[in-house]
Amino acid sequence: MNDRSYAADIEIDGESEMYSGLIAADQFDADTALNFTEDRARYHGIDLFDFGYALTVHKAQGSQARRVILFEERFSKMTDDQWRRWLYTAVTRAEEELYIFPHL
């Protein structure tokens with residue numbers, strides 16, 4: 001792990017083996033998607049995390065999941081009260097496991 005990556009172990013539904021490796025930190029809180037082809041040297045040995053199965057906290061309201069992975073990114077226009085309600089909604093979606101990746 002370095003300042004450009006997070007160490008992650010990710011269990012993928014339908015797969016017998018868990019993903020274990022480094023995921024790019026730059027992709028979180030980025031305005032645009034990372035271009036792995038153009039920046040291959042910069043991300044050598046680091047994977048990009050696919051948000052294909054991700055839901056926003058807003059869309060997840062009223063539902064639960066056995067495992068929740070939360071990428072905590074507070075929007076600058078949120079009041080403290082809005083932030084607390086958003087975080088409460090996010091963490092209460094987890095039935096068994098909750099993993100929070102804080103914004104650094």
Side-chain angles (χ1 to χ4, degrees):
M1 189 165 107
N2 57 42
D3 62 336
R4 289 191 322 266
S5 65
Y6 298 120
D9 293 320
I10 302 171
E11 187 176 318
I12 301 171
D13 290 344
E15 298 290 327
S16 59
E17 293 186 31
M18 182 180 295
Y19 166 86
S20 184
L22 299 176
I23 57 175
D26 295 345
Q27 66 195 331
F28 302 103
D29 201 29
D31 292 332
T32 60
L34 298 181
N35 187 321
F36 184 74
T37 303
E38 290 178 9
D39 297 324
R40 184 173 297 275
R42 177 177 168 92
Y43 298 107
H44 180 73
I46 301 172
D47 293 317
L48 300 180
F49 189 85
D50 184 351
F51 289 97
Y53 297 103
L55 288 175
T56 64
V57 172
H58 179 77
K59 288 240 181 201
Q61 287 183 20
S63 64
Q64 289 189 301
R66 187 171 65 81
R67 180 182 302 116
V68 171
I69 301 171
L70 176 63
F71 296 97
E72 174 265 321
E73 294 182 297
R74 182 175 180 168
F75 297 100
S76 60
K77 295 183 180 181
M78 281 182 149
T79 66
D80 287 344
D81 187 52
Q82 289 171 323
W83 170 244
R84 282 190 291 273
R85 288 185 309 192
W86 179 89
L87 192 58
Y88 173 82
T89 301
V91 300
T92 57
R93 301 306 94 199
E95 293 175 336
E96 296 176 20
E97 298 176 77
L98 172 65
Y99 301 92
I100 300 175
F101 288 81
H103 183 274
L104 301 177

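What you see below is based on every heavy atom in this structure, not just the backbone, and it leaves out hydrogens, waters and symmetry mates.
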Partner residues of Thr79 under the side chain to side chain contact (heavy atoms under 4.5 Å, CB included) criterion, sequence neighbours left out: Asp81, Gln82

Show the nearest heavy-atom pair for residues [X] and [Y], with the distance to one decimal.
X	Y	result
Leu22	Ala7	CD2-CA, 3.9 Å
Gln64	Thr92	NE2-O, 3.2 Å
Ser5	Ile46	CB-CD1, 3.9 Å
Pro102	Tyr6	O-OH, 4.1 Å
Asp9	Met18	CB-SD, 3.5 Å

Salt bridge (charged side-chain N to carboxylate O under 4.0 Å, His left out) partners of Glu96, counting only residues at least two apart: Arg66

Residues that Arg67 engages under salt bridge (charged side-chain N to carboxylate O under 4.0 Å, His left out), provided they are two or more places apart: Glu11, Glu97

From Gln27 atom CD to Phe71 atom CZ, the distance as rounded to the nearest 0.5 Å: 7.5 Å

Interatomic distance, Asp47 atom CG to Ile10 atom CD1 [nearest 0.5 angstrom]: 9.0 Å

Atom CD of Glu17 with >12 non-hydrogen neighbours under 6.0 angstrom: no

Hydrophobic cluster partners of Trp86 (side-chain heavy atoms under 4.5 Å): Val57, Val68, Leu70, Phe75, Met78, Trp83, Leu87, Val91, Leu98, Ile100

Side chain to side chain donor-acceptor pair (under 3.5 Å) partners for Thr56, two or more places apart: none

Partners passing side chain to side chain donor-acceptor pair (under 3.5 Å) against Asp80 (at least two apart in sequence or in another chain): Arg74

